[in-house]
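Each remark here refers to the structure printed beneath this line.
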Amino acid sequence: SYLLADGVVMNLILTLFLSVLTVSFSLFNGVDFGDIFFFVFSYCLSLTALAFALSSALDSPQTAGQVAFLVLVSGIAIFLVIFLGGVTTLIDDETKQKAWCLYPPMAVQMGIYAAASIPLTATKIEMSTVSWFMLLDTVIYSFLAWYLAQVLPSEYG
């Protein structure tokens, strides 16, 4: 129920706002409103599901929040090391790029580069592919959150 309230309703509002801004300021030329909306919405959903999975594994809300922040920052740092640091062997083919899309902070960076038509390597992943993988992330992390809530002991049961 929280996933529906936080993941769908709040993310729809945030996605609509960000998509309108992105299209209004022409941040990604040639990318229409629907593609931007789907990309941002799938990213918000995947991050929400990841946060729920992390909070299911950790007892303290403060710890879960700090770990979620570190996971987000580490995704950006990993992308910068791979792309700007010249370690492109980790993303040099489409299979590796799709595998990285299972990690939402990395996937959003790859999707932004795809939307801006900046090739990561000789193989270019499409923004729509990244969006679909982030929806897959949502399913995987939601199931993981549910499973961990059932299996791990907590103060409520």
(request) I would like to know whether Leu50 and Asp137 meet side-chain contact (heavy atoms from CB on, under 4.5 Å); could you show each step before the answer? (result) CA-CA 8 Å; Leu50 179 60; Asp137 294 347; over 6 Å; no
(request) I would like to know whether Leu12 and Leu16 meet side-chain contact (heavy atoms from CB on, under 4.5 Å); could you show each step before the answer? (result) CA-CA 6 Å; Leu12 273 174; Leu16 184 62; over 6 Å; no
(request) Applying side-chain contact (heavy atoms from CB on, under 4.5 Å), run through Thr15 and Tyr43 and close with a yes or a no. (result) CA-CA 9 Å; Thr15 300; Tyr43 176 61; over 6 Å; no
(request) With side-chain contact (heavy atoms from CB on, under 4.5 Å) as the test, would you mind laying out the steps for Phe143 and Trp146 before giving the verdict? (result) CA-CA 5 Å; Phe143 176 77; Trp146 171 80; 3.7 Å; yes
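Cluster annotation: Leu18 and Val130 are assigned to the same hydrophobic cluster (Ile/Leu/Val/Met/Phe/Trp/Tyr, side-chain heavy-atom contacts under 4.5 Å, transitive). Both Val67 and Leu152 are part of a single hydrophobic cluster, where members link through side-chain heavy atoms under 4.5 Å apart. Hydrophobic clustering, with ILVMFWY side chains joined whenever heavy atoms are under 4.5 angstrom apart, groups Val23 together with Phe37. A continuous path of Ile, Leu, Val, Met, Phe, Trp and Tyr side chains, each step under 4.5 Å between heavy atoms, connects Val108 with Leu90, placing both in one hydrophobic cluster. Leu144 and Phe133 fall into different hydrophobic clusters, where Ile, Leu, Val, Met, Phe, Trp and Tyr residues are linked whenever their side-chain heavy atoms come under 4.5 Å apart, directly or through other members.
Between Trp100 and Tyr103, the ring planes lie tilted relative to each other; the angle falls in the 30° to 60° range.
In this structure, the side chain of Thr138 engages the main chain of Met134 through a donor-acceptor pair within 3.5 Å. A donor-acceptor contact shorter than 3.5 Å links the side chain of Ser55 to the backbone of Phe52. Gln97 contributes a side-chain N or O that, together with a main-chain N or O of Ile91, makes up a donor-acceptor pair within less than 3.5 Å.
Counting heavy atoms from C-beta on, the side chains of Met110 and Phe79 come closer than 4.5 Å. By the 4.5 Å heavy-atom criterion applied to side chains, Ser19 and Phe39 are not counted as neighbours. Leu14 places none of its side-chain heavy atoms less than 4.5 Å from the side chain of Phe41. A 4.5 Å side-chain heavy-atom check between Met127 and Ile112 finds every atom pair outside the cut-off.
Between Ser128 and Asp35, the side chains place no donor N or O within less than 3.5 Å of an acceptor N or O (distance only, hydrogens not considered).
Note that CG of Leu45 and OG of Ser131 are 11.0 Å apart. Values are rounded to the nearest 0.5 Å. Here the SG atom belonging to Cys101 is positioned 12.0 Å from the CG atom belonging to Leu135, to the nearest 0.5 angstrom.
The shortest non-hydrogen separation linking Ile82 to Met106 is CD1-CE, 3.6 Å. The two atoms that bring Gly75 and Pro105 nearest to each other are CA-CB, 3.7 Å, heavy atoms only. Listed here is the closest heavy atom pair of Leu102 and Leu136: CD2-CD2, 3.9 Å. Scanning both residues, Leu148 and Ala57, for their nearest heavy atoms gives CD1-CB, 3.9 Å. Across all their heavy atoms, Ala115 and Val31 have their closest contact at O-CG2, 3.7 Å.
When the options Val20, Thr22, Leu21 are evaluated for a side chain to side chain contact (heavy atoms under 4.5 Å, CB included) with Ser24, the one that passes is Val20.
Not a single side-chain contact (heavy atoms from CB on, under 4.5 Å) links Ala77 to another residue, sequence neighbours left out. By the ring pair (Phe, Tyr, Trp, His ring centres under 6.0 Å) test, Phe17 pairs with no residue at all, sequence neighbours left out.
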